[in-house]
Amino acid sequence: MAEGSAGTVVVLGTGGTIAGKAGDAADHIGYRAGQIGVEALLAAVTPQAGAAADVRWVTEQVAQIDSKDMDFAVWRALAARCAHWLAQDEVRAVVVTHGTDTLEETAYFLETLLAPDKPLVLTCAMRPATALMADGPQNLLDAVTVTLDARAGGVLVVAAGAVHAARAVRKRHPYRLDAMDSGEAGPVAVVEAGQTRWFGKITRDPSARWSDDAIKKIISREGLPRVEIVLSHALADGRLVDGLVQDGVRGLVVAGTGNGTVHAALLAALERARAQGVRVVRASRCELGQVLPLPNDPFEPSEGLSPVKARIRLMLELARAEA
Ligand code: SIN
C-alpha cells in the first residue's frame, strides 16, 4: 500500500439478513435472507464513511444465501477470495457481509485457516435491510471503521457496536440486535461515533499458521473429513454414535454436560468409536467457561472451543493430516 494512501477495502457479500428483504417494514422475521447485492449494501453506507473518503472500494458477491445453509463450496470460495485479496499489497482489509446464524463458524474457519495479519472483518444484521430501523447499515459502517484502525488485525466480527474475536464470538440470542456475544472473554473493542476503542490485545488461536500450499490444498478439496457433534443428555444412549461409526465418521465432538462429562451409555459408545480410530473431542454444552482436563481423560479436550468450533478445528486437522 502506497505511503499515505488509505488503500483498498474489499467487501465480499455472502447473503444473510443484512441482505434480506421483507414485504413490510415492520416485519423482522418473515423475510428472505440474501436478496440485496453487496454493491447496493455498500453504496448505502459509503457516503457516511467520512474517514474512508479516499478508500478505494471493491465488491464481490461470493454467495447469496441464508447462512443456515452454509456449505463447503461457499466456505471454499470465500476463503479463496479472502486469501487472494489479502495478499494484494494495496488491500488494507477485507469485509464480509454474512448471516448471523453460522457467522461464528465462518469466522473461526477463516481465522484457523488463514490467520491473516490484515483485518478480515465479518459483519451481519438481525433485521432485514427493509426494516424501519435496520441494523445492517450501521454494522457495515462500523466494520469499515474497524478496518481503518491501524490496530485491527485477524478475523473479527463487528455487530451492534461491539468487535469480537473469531475464537470467542457466538450467537447468543435468536432475536435481539446484540445477539453476537463473546461470553466471558467479552468484546475486544467497541465502535463509538466512528472511532474504535480497544480493550487490550486480541487473543488468537495458538494453532500453527498454515502455509500457502496447505491453504491451497484445503481450498481445492471437495469437502472436509466427516466430523459430527453428539449431545450428552438425560436418557442418552450410544446408538447414534454406533451408527455414525458404521457410516464412516472420522471424528466426533461430544457436547457433554458441565465439565464435558458424558452419560455412561454414550461414553461406552464413544470409547468403542475411539478404539476404531475415530478422533473424539470432549466439549461442553455449557455456554460459558471451558472444559478442564480430567485425570486419565479418555478424549481430547476442546480447549474452550464451543462444540461447533471444536468440530471445525477437528475437520481441518484431519484434512491437514491427509494433505
Ligand atoms: C442468516 O444467518 O443468513 C439468516 C439470519 C441472520 O442473518 O440473522
Side-chain angles (χ1 to χ4, degrees), residues 11-42 44-45 59-79 81-82 94-111 120-144 146 155-183 187 191 229 287 306-309 311-312:
V11 187
L12 305 178
T14 68
T17 296
I18 190 167
K21 269 186 175 174
D24 174 343
D27 189 352
H28 294 170
I29 51 172
Y31 61 89
R32 283 186 63 143
Q35 300 298 305
I36 300 173
V38 65
E39 202 174 339
L41 297 182
L42 183 66
V45 304
T59 57
E60 273 184 14
Q61 195 73 48
V62 174
Q64 191 58 294
I65 61 165
D66 186 319
S67 80
K68 73 178 175 55
D69 299 324
M70 184 55 68
D71 59 22
F72 189 64
V74 175
W75 268 7
R76 199 172 59 175
L78 183 61
R81 295 317 290 156
C82 290
V94 172
V95 173
V96 177
T97 57
H98 197 290
T100 57
D101 285 344
T102 57
L103 180 67
E104 68 211 61
E105 294 173 63
T106 300
Y108 185 70
F109 168 71
L110 293 173
E111 170 70 8
L120 171 44
V121 182
L122 282 76
T123 194
C124 55
M126 289 298 289
R127 290 181 183 161
T130 47
L132 207 52
M133 291 181 69
D135 52 331
Q138 186 65 52
N139 286 345
L140 182 53
L141 191 58
D142 287 349
V144 166
V146 172
V155 180
L156 299 167
V157 170
V158 174
V163 185
H164 304 277
R167 190 177 211 283
V169 70
R170 63 203 278 182
K171 184 172 180 178
R172 199 169 172 219
H173 199 281
Y175 185 73
R176 269 171 32 182
L177 292 186
D178 60 347
M180 307 311 292
D181 188 90
S182 287
V191 184
I229 299 172
E287 195 186 333
S306 63
V308 289
K309 289 183 187 170
R311 172 173 178 264
I312 292 166

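Read the numbers this way: they start at 1 and go in the same order the structure lists the ligands and their atoms. The shown structure was predicted, so the numbers you read here are calculated from the model rather than taken from an experiment. All values below come from the heavy atoms of this structure, side chains included, with hydrogens, waters and symmetry mates left out.
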Sub-3.5 Å donor-acceptor pair from the side chain of Asn139 to the main-chain atoms of Ala160, do we have one?
yes

Is any NZ, NE, NH1 or NH2 atom of the basic residue among Arg172 and Glu287 found under 4.0 Å from an Asp or Glu carboxylate oxygen of the other?
yes

Look at the side chain of Asp135 and the backbone N and O of Gln138, then say whether any donor-acceptor pair between them is shorter than 3.5 Å.
no

Applying side chain to side chain donor-acceptor pair (under 3.5 Å) to Gln35 and not counting sequence neighbours gives none

Pairs under 3.5 Å, nitrogen or oxygen of ligand 1 with protein nitrogen or oxygen:
residue, atom, partner, partner atom, Å
ligand 1, 2 (O), Ser67, OG, 2.6
ligand 1, 2 (O), Thr100, N, 3.2
ligand 1, 2 (O), Asp101, N, 3.0
ligand 1, 3 (O), Asp66, OD1, 3.3
ligand 1, 3 (O), Ser67, N, 2.6
ligand 1, 7 (O), Thr17, N, 3.0
ligand 1, 7 (O), Thr17, OG1, 2.9
ligand 1, 7 (O), Thr100, N, 2.8
ligand 1, 8 (O), Thr17, OG1, 3.1
ligand 1, 8 (O), Thr100, OG1, 2.4
ligand 1, 8 (O), Ala125, O, 3.3

State whether the side chain of Thr17 and the backbone N or O of Met126 hold a donor-acceptor pair below 3.5 Å, judged by distance alone.
no

Hey, can you tell me if Phe72 and Phe109 have their rings parallel, tilted or perpendicular (30° and 60° cut-offs)?
perpendicular

